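Scroll down for the structure; my scribbles are underneath it.
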Protein chains: 2
Amino acid sequence: MLTHCMAVISGAWAVNVIWSLRAGPRRFNELRIDIPPISAKVLSTRLSELAQRGVLTRNVRATMPPSVEYALTDLGAELVPALDAIVQVGHRLKALGEG
Amino acid sequence: MLTHCMAVISGAWAVNVIWSLRAGPRRFNELRIDIPPISAKVLSTRLSELAQRGVLTRNVRATMPPSVEYALTDLGAELVPALDAIVQVGHRLKALGEG
DNA sequence: CGGGATCCAACGCGATACTG
DNA sequence: CAGTATCGCGTTGGATCCCG
């Protein structure tokens, strides 16, 4: 149950993708630049999964060259404060461990 | 940065362990029962990691037979509402996907 | 009861090359 | 620009056995 629900953010770099989209829509190569270590294959896979789960939307523009915009859905955006809370705790734990 | 902070909940069954401890301290075998698919090795590994990160504490009681209690730290407890928020979103996304 | 040691298999990521 | 296909490898989790 918990595991199944937490699966919405599963997969490498999934949270980074969500994080990069928190300020607004981004294109494929913009996301690649935001998350340097990610490979095109994994980014593509992750975007497909997250779109299928309803976390984000994929918007293809019939331009030349092609342009594809990704954006968080309303529910996807609700994940941001939750992730932020975890990051804050992680940050304080790290400070504790070092101090 | 984000990735490094999110690492506090990394590893298989980590969130389940935190979740099982949200209502209070639990012993090793109680956690095994709470999370049936987990193996002793992985539970042991995860508990060590989470203790080292400051998410939970390990309390050995000099009883016979031995008893070891695990409990969330204050910071570890702060992860619970965040995880709960993600679970809620996951639940609603699942409902959307099925409906 | 609460683990550590060992071995193994599988999933998933990364790199590279190619395409519409 | 925005992907897909293929391949190889490394990490990690699972199963089993054993111990204080």
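The chains referred to below are lettered A, B, ... by the order of the sequence lines, with proteins before strands, and numbering in each begins at 1. What you are looking at is a predicted structure, and each value in this text was computed from that prediction instead of being measured. Scope of the values below: all heavy atoms of this structure, side chains included, with no hydrogens, waters or symmetry mates.
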Side chain of B:Arg26, backbone of B:Ala71: donor and acceptor closer than 3.5 Å?
no

When you measure from the side chain of B:Thr73 to the backbone N and O of B:Gly54, does any donor-acceptor pair fall under 3.5 Å?
yes

Backbone of B:Arg27 reached by a side-chain donor or acceptor of B:Glu30 within 3.5 Å
yes

Can you list, in residue-number order, the parts of residues 24-34 of chain A that come under 4.0 Å of DNA chain D, counting heavy atoms only?
A:Arg27, A:Phe28, A:Asn29

In this structure, how many angstroms lie between the C1' atom of C:dG2 and the CG atom of B:Leu43, rounded?
10 Å

Answer whether the closest heavy-atom distance between the side chains of B:Leu21 and B:Leu31 falls below 4.5 Å.
yes

Ignoring hydrogens and geometry, is there a side-chain-to-backbone donor-acceptor pair from B:Thr45 to B:Lys41 under 3.5 Å?
yes

Rounded distance (Å) that lies between atom P of C:dG3 and atom CG of B:Leu47
7 Å

Tell me whether A:Arg53 contacts the main-chain N or O of A:Val8 through its side chain, where contact means a donor paired with an acceptor under 3.5 Å.
yes

May I ask you to test the A:Pro37-A:Ile35 pair for a side-chain heavy-atom distance under 4.5 Å?
yes

Take the C1' atoms of the five end pairs on each side of the helix from C:dC1-D:dG20 to C:dG20-D:dC1, derive the two axes, and give their angle rounded to 10 degrees.
60°

So do A:Ile86 and B:Ile86 actually touch side chain to side chain, heavy atoms under 4.5 Å?
yes

Using atom names, set out every protein N or O paired with an N or O of nucleotides 11-15 of chain C below 3.5 Å, distance rounded to 0.1 Å.
| from | atom 1 | to | atom 2 | distance (Å) |
| --- | --- | --- | --- | --- |
| C:dC13 | OP1 | A:Ala12 | N | 2.9 |
| C:dC13 | OP1 | A:Arg46 | NH1 | 3.2 |
| C:dG14 | OP2 | A:Trp13 | NE1 | 3.4 |
| C:dG14 | O6 | A:Lys41 | NZ | 2.2 |

Checking A:Thr57 now: which residues fulfil side-chain hydrogen bond (donor to acceptor under 3.5 Å, both in side chains) with it, not counting sequence neighbours?
none

For residues A:Phe28 and A:Leu43, determine if any side-chain heavy atom of one lies less than 4.5 Å from a side-chain heavy atom of the other.
yes

Side chain to side chain contact (heavy atoms under 4.5 Å, CB included) with B:Asp84: which residues, sequence neighbours excluded?
B:Trp19, B:Gln88

Is there side-chain contact between A:Val55 and A:Val17, with at least one heavy-atom pair below 4.5 Å?
no

Value in whole Å for how far the C1' atom of D:dC1 lies from OH of A:Tyr70
11 Å

Mind running a 4.0 Å heavy-atom check of residues 56-69 of chain A against DNA chain D and sending the residues that fall below it, in number order?
A:Arg58, A:Pro65, A:Pro66, A:Ser67, A:Val68

Do the side chain of A:Ser44 and the main chain of A:Ala40 share a donor and acceptor less than 3.5 angstrom apart?
no

